[in-house]
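First the structure, in the form of structure tokens, and then the observations on it.
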Amino acid sequence: MLTKILLSIAVLLAIAFLILVVIRIKNDNEVSKIWQELADLPTEHVFTEDMVASLPSPVQRYFLHAITPGTPLASAVTLEMSGSFRLGEDKPWVPMQAKQRISLLKGFVWQATVGRGLSQFVGADYYIKGTGRMRFSLWGLVPLVNAHTHDIARSSLGRLAGEFVWLPSALLPQQGVIWQAIDERTVQASFVIDDEPVTLRLIVDADGKVLQLSLPRWGDATEDGSWNYIPFGVEFQAEQQFGGFTIPSQMNAGWWFGTERYLEFFRATIAKAEFE
């Protein structure tokens with residue numbers, strides 16, 4: 001009798017495992033499809049100083065530092081990164097490895113492995129065609145998070161906008177971006193993504209290197225967990241040139257940027273960037 005019970009349990013566990021594997025394969029295929037959809041063909045256009053000649057001086061400094069004249073104007077970038085992540089102020093920092101593709105007109109997808117050992121979870125964030133999703137599973141099998149609400153999409157859109165700093169050609173005025181200089185170190189970019197207005201504020205040094213980026217971003221890092229626009233920002237500690245683009249390569253980011261409530265939750269170093 002006991003043998004039959006144990007055998008039945010083993011069969012049920014095997015079926016459950018197979019179901020989880022099938023779900024994992026289905027999810028991976030969906031993310032792979034989005035990854036391919038975000039790929040873009042190389043452009044024949046190249047960056048010239050004339051493209052930014054009419055912009056305020058500090059904005060010109062930023063672009064001339066970020067894009068070497070003669071560089072093909074990329075419409076997508078693929079990144080490889082490592083770093084650490086935490087889920088809250090009282091939560092420990094855990095290691096993170098990820099790759100990401102950002103597309104000028106379509107969105108982004110971020111595939112990551114977070115944590116290690118028994119607490120390792122694997123999954124992806126993405127935003128494409130007005131839809132945002134966050135889906136992670138323990139060991140890549142046991143579902144933990146599968147969120148794809150309107151609020152998630154709105155927050156993901158803000159993330160896409162801020163991460164255009166890794167795809168500087170997306171911020172050129174030829175893409176419909178309106179630039180203004182607040183002062184000699186502070187510049188502001190205003191544009192629209194999927195009917196949602198976005199305003200980025202960048203702090204640049206005398207050479208045009210980006211030191212900080214901030215924006216009002218839709219999120220739920222509030223006292224009661226409700227969704228609202230929250231000051232979100234990134235500080236950059238280093239940069240690196242990949243091809244003809246010079247982009248931030250070391251960063252930390254958090255909610256309530258510039259306030260006493262600042263909550264840093266993400267740190268990353270970019271190891272590789274390929275533009276297309």
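Position 1 is the first residue of the sequence; numbering continues from there.
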Hey, does [Y] have a side-chain heavy atom less than 4.5 Å from the side chain of [X]?
{"X": "Thr78", "Y": "Lys99", "answer": "no"}
{"X": "His148", "Y": "Asn146", "answer": "yes"}
{"X": "Val109", "Y": "Ile128", "answer": "no"}
{"X": "Arg61", "Y": "Glu184", "answer": "yes"}
{"X": "Leu79", "Y": "Ile102", "answer": "yes"}
{"X": "Phe245", "Y": "Ser169", "answer": "yes"}
{"X": "Val204", "Y": "His65", "answer": "no"}
{"X": "Trp218", "Y": "Asn228", "answer": "yes"}

Among Arg159, Arg133, Arg101, salt bridge (charged side-chain N to carboxylate O under 4.0 Å, His left out) partner for Asp125:
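The residue from Arg159, Arg133, Arg101 that satisfies salt bridge (charged side-chain N to carboxylate O under 4.0 Å, His left out) with Asp125 turns out to be Arg159.
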Do Ser226 and Asp224 get their side chains close enough for a donor-acceptor pair, meaning under 3.5 Å?
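There is such a pair between these side chains.
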Smallest separation among heavy atoms of [X] and [Y], with atom names:
{"X": "Gly158", "Y": "Leu215", "answer": "O-CD1, 3.6 Å"}
{"X": "Glu49", "Y": "Leu64", "answer": "CG-CD2, 3.6 Å"}
{"X": "Pro173", "Y": "Met51", "answer": "CG-O, 3.6 Å"}
{"X": "Ala253", "Y": "Val234", "answer": "CB-CG2, 3.9 Å"}
{"X": "Ala181", "Y": "Pro58", "answer": "CB-CG, 3.6 Å"}
{"X": "Ala161", "Y": "Val198", "answer": "CB-CG1, 3.5 Å"}

Drop me the distance from [X]'s [atom1] to [Y]'s [atom2], to the nearest 0.5 angstrom.
{"X": "Glu239", "Y": "Asp207", "atom1": "CD", "atom2": "CG", "result": "8.5 Å"}
{"X": "Arg86", "Y": "Leu263", "atom1": "CZ", "atom2": "CG", "result": "5.5 Å"}
{"X": "Lys209", "Y": "Thr246", "atom1": "NZ", "atom2": "OG1", "result": "11.0 Å"}
{"X": "Phe236", "Y": "Asn252", "atom1": "CZ", "atom2": "CG", "result": "9.0 Å"}
{"X": "Leu171", "Y": "Trp179", "atom1": "CG", "atom2": "CH2", "result": "5.0 Å"}
{"X": "Phe275", "Y": "Ser75", "atom1": "CZ", "atom2": "OG", "result": "11.5 Å"}

Criterion side-chain hydrogen bond (donor to acceptor under 3.5 Å, both in side chains) on Gln174 and His45, from CA distance to verdict:
CA-CA 12 Å; Gln174 289 74 19; His45 301 289; over 6 Å; no
Phe108 and Trp166: aromatic ring centres closer than 6.0 Å?
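No, ring centres 6.0 Å or more apart.
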State which residues pass side chain to side chain donor-acceptor pair (under 3.5 Å) with Arg154; sequence neighbours excluded, sorted by chain then number.
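Counting only residues at least two positions away or on another chain, Arg154 forms a side chain to side chain donor-acceptor pair (under 3.5 Å) with Glu196, Tyr229.
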By side chain to side chain donor-acceptor pair (under 3.5 Å), which residues pair with Ser156, not counting sequence neighbours?
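Side chain to side chain donor-acceptor pair (under 3.5 Å) list for Ser156, sorted by chain: empty.
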If the condition is ring-ring contact (aromatic ring centres under 6.0 Å, His included), which residues does Phe191 pass it with, not counting sequence neighbours?
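Listed in chain order: nothing, the list is empty.
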Those residues that, when tested against Phe232, pass ring-ring contact (aromatic ring centres under 6.0 Å, His included) (two or more places apart):
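Expected list: Trp255.
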Is Tyr262 isolated, or which residues cluster with it under the ILVMFWY side-chain rule of less than 4.5 Å, directly or via members?
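Its cluster mates, by chain and number, are Phe257.
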Trp110/Met81 under side-chain contact (heavy atoms from CB on, under 4.5 Å): CA gap, chis, key distance, verdict
CA-CA 10 Å; Trp110 185 71; Met81 68 183 72; 3.6 Å; yes
Would you say that more than 12 heavy atoms from the other residues, nucleotides or ligands in this model lie under 6.0 Å from the CG of Asp195, or not?
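It does not: Asp195 CG has 12 such atoms or fewer within range.
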Atom CD of residue position Gln237 - does it have more than 12 heavy atoms of other residues, nucleotides or ligands inside 6.0 Å?
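Atom CD in Gln237 is packed in, count exceeds 12.
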So if you build clusters from Ile, Leu, Val, Met, Phe, Trp, Tyr with side-chain heavy-atom gaps below 4.5 Å, do [X] and [Y] land together?
{"X": "Leu202", "Y": "Leu211", "answer": "no"}
{"X": "Ile270", "Y": "Phe164", "answer": "yes"}
{"X": "Leu200", "Y": "Ile182", "answer": "no"}
{"X": "Leu213", "Y": "Ile203", "answer": "no"}

Main-chain N/O of [Y] paired to [X] side chain as donor or acceptor, under 3.5 Å:
{"X": "Gln60", "Y": "Leu55", "result": "yes"}
{"X": "Thr186", "Y": "Asp183", "result": "no"}
{"X": "Trp256", "Y": "Ala221", "result": "yes"}

The criterion is salt bridge (charged side-chain N to carboxylate O under 4.0 Å, His left out); which residues satisfy it with Glu274, sequence neighbours excluded?
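Counting only residues at least two positions away or on another chain, Glu274 forms a salt bridge (charged side-chain N to carboxylate O under 4.0 Å, His left out) with Lys272.
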